[in-house]
Q: 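First the structure, which I've put down as structure tokens, then a few questions once you've had a look.
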Amino acid sequence: MASLAARRAKDSTVKAISIGFAVFAIFILGWILWTLLSRGLPALGPHVFTNITMPPGQNGGLLNAIVGSLIQVGIAMLIGTPIGIMAGTFLAENGKTTKIGAAARFVNDILLSAPSILVGLFIYGLLVVPLGGFSGWAGAIALAILVIPVVVRTTEDMLNLVPVGLREAAFALGAPQWKVVMFVTWRAARAGIVTGILLAIARAAGETAPLLFTSLGNNAWSVDLTKPMASLPIAIYQYAGSPFDDWVALAWAGALLITVGVLLLNVLSRLFLAKTH
Amino acid sequence: MDATMDKMGGGTVQPLDKTKGTGAVSDPIFVGLLWASGIFVLVLLGLIIAELFQGGLPALQHFGLEFLWSPAWNPVTEKYGALVMIYGTLFSAIIAVIVALPLSFGIAFFLTEIAPQALKRPIGVAIQLLAAVPSIIYGMWGFFVIVPLMAAYVQPPLIATLGQVPLIGFLFQGPPLGSGMFTAGLILAVMILPFITAMFVETLESVPPMLKESAYGVGGTTYEVYKNVSVPYGRTAMVGAIMLGLGRALGETMAVTFVIGNANRLSASLFAPGATIASTIANEFPEAPIGSLKLTSLLQLGFILFVISFIVLALSRALVRSKLD
């Protein structure tokens, strides 16, 4: 065995390296944010919010992309949240010890980390080809499929934290299961479930790959869900790779908006959960 | 008058009717909905697999199993194969894991053993935020910031030095383009780092304090206890965490598409441009009309990616959950 001094020296070295790694990770986050701020802020003006996407040199904005993203993420949440909460409740209550429950839990864990681009391909084959074209609906449904596993996971985890005694007390009063779940368990786990929903919004808002083959993007103003629909990530993708300076600047402005939004949602949901628990 | 009497309870006492209890009708509906949602999630994965398989079937029928190991990707001669993309997917993901792993070990050590309680949470959250940054943002940051840096300051000296060393020189050859496998791997490493670190921390915090205290009691240093007690205790779940990181890196699309260089050829060099399955699908899809051999080849690629991801993620889950049960 090495001498005590040598072991202590090794311990200090590893500690220093570990601190260095943690500082490095935070430095990377800071670097990304700095890049977004320094390139996105100068490009951010009222025109970004008032004008729609236009050919280069015409002072275009991102209005249609922002509205398209809001619509698609909104519909995705309206579809995905109820299914996710119900399925998460199933995993924590009725299906907890059943084989179907175990299988659904396994599948949900896979869906949570499965490549999002494949969800886009799935909806492309399921909706876009049979219905004869790209549409806002297809984009929203693709995002809903990404929302579901996030909501399922947090709902199940949070319901598992609710003491069994609370449910038993409600059942003992003769309450049917739907009342126990809706007025006792869901209520007790409310903060956690809301956190899951917020995190799901953050995930859906930043996804690009699943929209490539579903809502496609649209440079004109359109809120028609049966037509191709613009979205912020797709507009950023399209503009960031373009040779026009004003388009690239607009892509940075969009990137700043989306990142600030997503990070704020993340921080707020964590603070919300920490405060209520 | 009579009516009032009736209302005041002059009538007969109703017998307790179980079929009219508060949940007699509503409960089966509610429980049915719960089961339906659970089964829907279960079926969803099957539907995705079936759809991708069916979409890619024509390519498989046309090229046969050779599709899997054919290096061709030529829209002009209509010859398609998956080898280059499978290679690129695995290569870039493995670079990512190799880079992310020591960082995750170090940061987990820092968060569980060194960091003062007051700093632990903010630093932990900041690192988790790296996972929240959308993929496309990593792509832009990689393309506009990291690629030029790599091309100007990192790759030329590496090519000039390590590129001349026998045996490993082939890894560092070619022009310093900035983009390529190595850059993609680095960006992926930052993206999977938070996932691996979070699961490491969770596992390390579940190590029974008595085990660690015993090791401290016989004079172990913090690092020795970490290395010889905590990490071996959580080994299985930590391997699972690494697999999860690998699984995430395999299917990452937008970040990789921006920085990998998108070249459909095989190259052993870390600096050579390449392509992954996901980046190829994202790039080539706009030029793949419905019914074309190219489109079905892309769907077949998607199916292959799904199978690879599924195996890695299922393995990861089995390892992580084995500790809990």
Side-chain angles (χ1 to χ4, degrees), chain A residues 7-8 10-11 14-15 17-19 21-22 25-26 28-29 32 35 83 86-87 89-91 93-95 100-101 103-104 106-111 113-115 117-118 121-122 125-126 129 145 148 152 176-178 202 206 208-209 212-213 233 236-237 240 251 255 258-259 262-263 266 270, chain B residues 22-23 26-27 30-31 33-35 37-42 44-45 48 51-52 55 103 106-107 109-110 114 123 125-127 129-130 132-137 140-141 143 145 190 193 221-224 244 247-248 250-251 253-254 278 281-282 285 290 299 302 305-306 309-310 313-314 317:
Chain A
R7 286 169 54 212
R8 283 211 173 128
K10 193 172 184 185
D11 188 55
V14 174
K15 277 182 179 164
I17 293 173
S18 296
I19 295 171
F21 282 174
I26 292 167
I28 297 272
L29 181 67
I32 293 171
T35 308
I83 297 177
M86 294 302 267
T89 309
F90 169 76
L91 291 182
E93 312 277 342
N94 302 51
I100 290 183
F106 170 75
V107 164
N108 194 65
D109 280 358
I110 301 283
L111 286 175
S113 299
I117 190 168
L118 298 182
L121 282 185
F122 166 60
L126 193 73
V129 175
I145 293 179
I148 290 171
V152 171
Q177 204 205 341
W178 69 271
T208 315
L212 287 171
F213 329 123
I236 294 171
Y237 179 51
I258 219 164
T259 310
V262 165
L263 293 188
N266 264 275
R270 278 166 211 273
Chain B
T22 43
S26 49
D27 235 18
F30 185 75
V31 174
L33 276 176
L34 290 186
W35 276 86
S37 307
I39 290 170
F40 174 75
V41 170
L42 187 59
L44 197 54
L45 189 81
I48 296 176
E51 181 66 51
L52 290 175
L103 289 169
I107 296 171
F109 181 51
F110 172 78
I114 309 174
I123 293 180
V125 169
I127 288 166
L129 286 185
L130 279 175
V133 174
S135 175
I136 188 159
I137 306 301
M140 284 182 78
W141 176 67
F143 182 73
V145 179
V190 177
L193 171 80
T221 62
T222 316
Y223 169 64
E224 284 164 353
L244 178 84
R248 290 233 164 215
L250 289 169
T253 310
M254 303 319 293
I281 297 173
F285 186 84
I290 293 179
L299 289 169
L305 175 61
F306 200 99
S309 305
F310 183 87
L313 293 173
R317 190 180 180 280

Q: Shorter than 4.5 Å, heavy atoms on both sides: which option in A:Arg270, A:Met86, A:Arg8, A:Lys10 has the most such pairs with chain B?
A: A:Met86

Q: Between A:Ile17 and chain B, which part of the residue has a heavy atom less than 4.5 Å away: side chain, backbone, both or neither?
A: neither

Q: Residues two or more places apart in sequence or in another chain: which of them pass side chain to side chain donor-acceptor pair (under 3.5 Å) with A:Asp109?
A: B:Arg317, B:Arg321

Q: Can you say whether B:Met254 sits under 4.5 Å from chain A via the side chain, the backbone, both, or neither, judging by heavy atoms?
A: side chain

Q: Can you say whether B:Leu193 sits under 4.5 Å from chain A via the side chain, the backbone, both, or neither, judging by heavy atoms?
A: side chain

Q: Go through the steps to decide whether B:Ile39 and A:Phe90 satisfy the test side chain to side chain contact (heavy atoms under 4.5 Å, CB included), and finish with yes or no.
A: CA-CA 9 Å; B:Ile39 290 170; A:Phe90 169 76; 5.5 Å; no

Q: Give the C-alpha distance, both sets of side-chain angles, the deciding distance and a yes or no for side chain to side chain contact (heavy atoms under 4.5 Å, CB included) between B:Val133 and B:Trp141.
A: CA-CA 11 Å; B:Val133 174; B:Trp141 176 67; over 6 Å; no

Q: Which value, rounded to the nearest 0.5 Å, describes the distance between B:Phe310 atom CZ and B:Leu45 atom CG?
A: 6.0 Å

Q: What part of B:Val41 gets closer than 4.5 Å to chain A, counting heavy atoms only: side chain, backbone, both or neither?
A: both

Q: Return the set of residues passing side chain to side chain donor-acceptor pair (under 3.5 Å) with A:Thr89 (not counting sequence neighbours), or none when no residue passes.
A: A:Trp186

Q: Given A:Lys15 and B:Phe109, is the side chain to side chain contact (heavy atoms under 4.5 Å, CB included) satisfied, shown in steps?
A: CA-CA 8 Å; A:Lys15 277 182 179 164; B:Phe109 181 51; 3.9 Å; yes

Q: Quick check for you: among A:Asn266, A:Leu212, A:Asn94, A:Ile83, which has the greatest number of heavy-atom pairs under 4.5 Å with chain B?
A: A:Asn94

Q: I'd like to know which of A:Thr259, A:Ile258, A:Leu121 tops the heavy-atom pair count under 4.5 Å against chain B.
A: A:Leu121

Q: In Å, rounded to the nearest 0.5 Å, how long is the span from OG of B:Ser37 to CG of B:Leu42?
A: 12.5 Å

Q: Quick check on B:Ile127 against chain A: is it the side chain, the backbone, both or neither that has a heavy atom closer than 4.5 Å?
A: side chain

Q: Can you tell me which of A:Ile32, A:Leu263, A:Ile28, A:Ile145 forms the most heavy-atom pairs within a distance under 4.5 Å of chain B?
A: A:Ile32

Q: Under a 4.5 Å heavy-atom cut-off, does chain A meet the side chain of B:Thr253, its backbone, both or neither?
A: side chain

Q: For chain B, find which of A:Leu111, A:Val262, A:Ile236, A:Ile110 contributes the most heavy-atom pairs closer than 4.5 angstrom.
A: A:Ile110

Q: Show the nearest heavy-atom pair for residues A:Thr208 and A:Pro233, with the distance to one decimal.
A: OG1-CB, 3.3 Å

Q: Determine, step by step, whether A:Phe122 and A:Leu118 satisfy the side chain to side chain contact (heavy atoms under 4.5 Å, CB included) criterion, reporting the C-alpha distance in whole Å, the side-chain angles of both residues, the deciding distance to 0.1 Å, and the verdict.
A: CA-CA 6 Å; A:Phe122 166 60; A:Leu118 298 182; over 6 Å; no

Q: When you check the gap from the basic side-chain N to the acidic O, do A:Asp11 and A:Arg7 get nearer than 4.0 Å?
A: no

Q: Supply the atom-to-atom distance A:Ile26 CD1 to B:Leu130 CG, rounded to the nearest 0.5 angstrom.
A: 8.5 Å

Q: Can you tell which part of B:Leu244 gets under 4.5 Å to a heavy atom of chain A, answering side chain, backbone, both or neither?
A: side chain

Q: Heavy-atom distance under 4.5 Å to chain B: side chain of A:Thr35, backbone, both or neither?
A: side chain

Q: Pick one of side chain, backbone, both or neither for B:Phe306, based on which atoms fall under 4.5 Å of a heavy atom in chain A.
A: both

Q: Does any backbone or side-chain atom of B:Leu33 lie under 4.5 Å from a heavy atom of chain A? Answer side chain, backbone, both or neither.
A: both

Q: Between B:Leu129 and chain A, with a heavy-atom cut-off of 4.5 Å, which part of the residue counts as in contact: side chain, backbone, both or neither?
A: both

Q: Any idea how A:Phe213 and B:Phe285 line up, ring-wise: parallel (<30°), tilted (30 to 60°), or perpendicular (>60°)?
A: tilted

Q: Side chain, backbone, both or neither: which part of B:Ile114 has an atom under 4.5 Å from a heavy atom of chain A?
A: side chain

Q: Chain A heavy atoms under 4.5 Å from B:Ser309: which part of the residue, side chain, backbone, both or neither?
A: side chain

Q: What part of A:Ala202 gets within 4.5 angstrom of chain B, counting heavy atoms only: side chain, backbone, both, or neither?
A: neither

